[in-house]
Undergrad: 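The structure is given below, and queries will be raised subsequently.
In this chain, residues are counted from 1 in sequence order. The structure presented is a predicted model; accordingly, all values stated were derived computationally and were not measured.
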Amino acid sequence: MVPVDPVSSPLPESIKKLGIKRWVDLALHFPLRYENESLVWAISQVVAGQFAQIQVRVVSSRIVFRPRRMLLIEVEDDTGSAVLRFIYFKEAQKNAYPVGQRIRVLGEARRSLAGLEFIHPRLRSGWLSPEEIGTQPLMPVYPTTAGLQQATLRRSIARALQSALPDEWLPPAMLAAYGLMSLPDAIRLIHQPPSDAEKTGVLSLLMQREGPAWNRVRFDELLAQQVALRRARYLRGSESAEPLAQRALPQRLSSAFGFQMTAAQHRVWQEIARDLERSVPMQRLLQGDVGSGKTVIAALAAAQAVGSGRQVAVMAPTEILAEQLFGKFLQWFGSLGVRVELLKGGLNAKQRRELVAEIAQGAVAIVVGTHALIQKDIRFPQLGLVIVDEQHRFGVGQRLALRTQVDGLMPHMLAMSATPIPRSLAMTYLADLDVSVLDERPPNRQPIITKLMASSRREELADKLQAFIAQGGQAYWVCPVIEGPREESDAPSREENLQAIETAAQWLRPLFGDQLVVLHGRMAADDKQLAMQDFSSGRRRLMLSTTVIEVGVDVPRATLMVIEHAERFGLAQLHQLRGRIGRGAEQSTCILLFDEPLSDIAKERLKTLYETDDGFEVARRDLAIRGPGEVLGLRQSGIPALRYSDLQQHVDWVERAIQFGAELSKIALDPRQASRLGLVPQSVDALIDRWAYEKEGLLAGG
């Protein structure tokens, strides 16, 4: 029989369900854990939750029909008995294990009223001698999906290890200096630990994802990301952009603000203004805490583009944020004779057609909108600058859609985020971006006081809120869901127990009457706009809302926020919501209502919010809780988060990858550099292909 070559044969369809497209990707699909078949346990020694192998005799085999149809096989050894329970089985299985037959049972044990039992264990005929048991392999258990059996995965991965294993590409001296295994040996060891791995301590390291094998894999992964991002940065340097060098309009705009910018704003603005003057497209991330003044910087950048004769597109993730940005830009640019328009989904066909035509004629200088800006019929003939607010909430493809050439020129791009990113994270994920940081509060802003309160005190809180509103105060009340529990539900879910906005409105309306205004995402665009205007103007003093107010809403008179079921929100989202207050000179207070009992993660989140309102400290703790993929919005972007590396736990390897990645990136500029490092140029291409297959174009968009 001629062996099948995995490299040239297609992957089984069942494997593709995992999102795996190539055999080399399958070689990098590592086990979650291992089942040790080199140990046999007596039934009396087995504890619930343990994976165990037992050698037993069959006592009985029968089919029962209550509480449902099942096959039960009772087994015993000299120390006790156990039940093997099969919910899915074939009729022939009942007679496959006659009374007295010796079998091996492998599976996870649990305790029930019937005693020790195994649900759908693996069964093997006969017993093994102590010598044979000692030579049994450790069986890897892989992440899988419905319909894909472990046995199928193991067979396919074994084929991948035969013919699709990556070669070692780092020079021996470097492996020795870092104490690393060769890459193929590391991958093989993780998939196929030796039978004595438990005795030698190797298994413990593999289970903890530590030791030489895992270090070699994560160094490879970190290097691939660094090189891909730095290569994207280099390629962008070969693109051309229109230099936007006219600073007269930004100077006029800053005079019209009516307030003094902070030192941090001045510093960041100079960084961006210099970038805009270059003939290479700017690709800069502006990050800063909520309320730090990012919109002011965005307006100045827009002014420099408009003053240089180019158009500006400003993209926001929600219509409410787009409306807020449009209002600010209209207020600031209106007196300067600059035309600003809002492109949104609520326009009728005639309005939209006319606006699209005027944009295509270059008659509109600044266009603010949501993803409506990237529809096929929208054309900017003089696009010089793209501003993307809350950039992590867009997919990379959406951000790239605006970064298209006009007459051979790329627009400059300014991305903004109110979720400060820790330095280690920015250096790892954003190596292709320039990063500016607003790390200073505007003057006269006081820290927000945060209080924790059990939900059982909701009515007491409402009484105090009535007095606050009566004295002229303005407040938000935030709920996590829109609809209340369904009456026909005889078993309410956890979600149905949440304080829904409809239920909250029924409770609060009699207390606050016309002072209450409701806002949520399912309202029509005009109704949302009217609700926001009523609250912003002070006509209504209590806004009951979902998280649609999370970003962009700026009502300086609002100084109190209540967040229902705060334990159900993420840390960054809670900080963003809290950032809707504290935007004026008065003291602001945020009250986090929570239900008990709290999980450990929920306790950590609420403790963080109680202890600090510093966005950078919140971001640092959020990274520790959630990991980098969610903090940066990478799971929505198409860029894979680091699969095997932790930026805090493996900081030494991150720093080595950043340092060596800079050296590897030089090979893209000059292939002769490869010999200096003891490499061949193709090895760097293979590295990126291994970890960033079909992703490098997205990485370039940052």
Side-chain angles (χ1 to χ4, degrees), residues 240-257 272-273 276-277 279 281-282 295-317 319 321-389 398-414 416 525-526 529 552:
S240 297
E242 177 75 18
L244 309 176
Q246 297 299 320
R247 295 209 191 182
L249 191 59
Q251 290 170 0
R252 289 174 59 199
L253 179 63
S254 63
S255 300
F257 281 146
I272 292 170
L276 293 174
E277 292 174 344
S279 58
M282 175 178 75
T295 307
V296 169
I297 303 300
L300 289 170
Q304 186 155 324
V306 172
S308 302
R310 308 298 284 191
Q311 289 174 293
V312 178
V314 184
M315 191 163 69
E319 283 201 358
L321 179 51
E323 293 268 8
Q324 292 279 314
L325 284 170
F326 172 66
K328 286 284 189 186
F329 276 54
L330 195 61
Q331 173 190 342
W332 290 334
F333 284 98
S335 62
L336 302 178
V338 175
R339 185 175 174 188
V340 183
E341 293 290 351
L342 176 65
L343 181 64
K344 60 178 184 177
L347 297 175
N348 63 42
K350 182 174 182 291
Q351 290 172 324
R352 187 182 187 282
R353 188 168 57 252
E354 290 176 352
L355 180 54
V356 168
E358 290 179 303
I359 293 170
Q361 293 163 9
V364 183
I366 301 174
V367 185
V368 182
T370 59
H371 59 277
L373 288 176
I374 58 176
Q375 293 177 7
K376 290 182 179 178
D377 63 334
I378 310 299
R379 191 174 69 85
F380 291 85
Q382 299 170 321
L383 187 62
L385 173 65
V386 173
I387 299 172
V388 183
D389 201 5
Q398 289 176 307
R399 297 201 294 271
L400 288 178
L402 278 170
R403 248 190 117 248
T404 55
Q405 289 191 4
V406 178
D407 296 330
L409 298 175
M410 297 293 293
H412 299 273
M413 177 172 281
L414 175 64
M416 301 194 295
D526 289 344
Q529 184 178 358

Undergrad: Do the side chain of E354 and the main chain of Q351 share a donor and acceptor less than 3.5 angstrom apart?
TA: no
Undergrad: Taking all atoms of both residues into account, what is the closest heavy-atom pair of A301 and L414, and its distance?
TA: CB-CD2, 4.3 Å
Undergrad: Can you check whether E358 reaches R339 side chain to side chain, under 4.5 Å on heavy atoms?
TA: yes
Undergrad: Is the shortest heavy-atom distance from the side chain of V314 to the side chain of V367 under 4.5 Å?
TA: no
Undergrad: Can you tell me how far the CZ atom of R379 sits from the CD atom of Q361, to the nearest 0.5 Å?
TA: 9.5 Å
Undergrad: Could you tell me which non-hydrogen atom of A299 sits nearest to which non-hydrogen atom of L253, and how far apart they are?
TA: O-CD2, 3.5 Å
Undergrad: Report the distance from atom CG of L336 to atom CZ of R252, rounding to the nearest 0.5 Å.
TA: 5.0 Å
Undergrad: Within this structure, what is the CG-CD1 distance for the pair D377 and I359, rounded to the nearest 0.5 Å?
TA: 9.0 Å
Undergrad: State, yes or no, whether a side-chain contact exists between I366 and V338 at a heavy-atom distance under 4.5 Å.
TA: yes
Undergrad: Report the C-alpha separation of V364 and F380 in whole Å, then their side-chain angles, then the decisive distance to 0.1 Å, and conclude whether the side-chain contact (heavy atoms from CB on, under 4.5 Å) test is met.
TA: CA-CA 9 Å; V364 183; F380 291 85; over 6 Å; no
Undergrad: Taking the side chain as every heavy atom from C-beta outward, state whether L249 and V306 have any pair of such atoms under 4.5 Å apart.
TA: yes
Undergrad: Quick check: closest heavy atoms across F326 and V340, and the distance to 0.1 Å?
TA: CE1-O, 3.5 Å
Undergrad: Tell me if a side-chain donor or acceptor on S308 pairs with a main-chain N or O of A245 at a distance below 3.5 Å.
TA: yes
Undergrad: Are K344 and E323 close enough that some pair of their side-chain heavy atoms sits under 4.5 Å apart?
TA: yes
Undergrad: What is the distance from atom CG of L383 to atom CG of L409, rounded to the nearest 0.5 Å?
TA: 11.0 Å
Undergrad: Which of these passes side chain to side chain contact (heavy atoms under 4.5 Å, CB included) with Q304: Q246, Q251, E277?
TA: E277
Undergrad: Hey, does D389 have a side-chain heavy atom less than 4.5 Å from the side chain of L321?
TA: yes
Undergrad: Using side-chain contact (heavy atoms from CB on, under 4.5 Å), reason through Q382 and E242 one step at a time and then give a plain yes or no.
TA: CA-CA 10 Å; Q382 299 170 321; E242 177 75 18; over 6 Å; no
Undergrad: Search all heavy atoms of L385 against all heavy atoms of P411 and return the closest pair with its distance.
TA: N-CB, 4.2 Å
Undergrad: Compare every heavy atom of H412 with every heavy atom of M282, then report the nearest pair and how far apart it is.
TA: N-ND1, 2.9 Å
Undergrad: Under 4.5 Å between any side-chain heavy atoms of P243 and S279, yes or no?
TA: yes
Undergrad: Calculate, to the nearest 0.5 Å, the distance between atoms CD and CZ belonging to Q324 and F329 respectively.
TA: 12.5 Å
Undergrad: Side-chain contact, heavy-atom cut-off 4.5 Å: S254 with L300?
TA: yes
Undergrad: Over all heavy atoms of both residues, which pair between A360 and P381 is shortest? Give the atoms and the distance, please.
TA: O-CG, 3.1 Å
Undergrad: Output the distance between atom CG (L343) and atom CD1 (I378), rounded to the nearest 0.5 Å.
TA: 5.0 Å
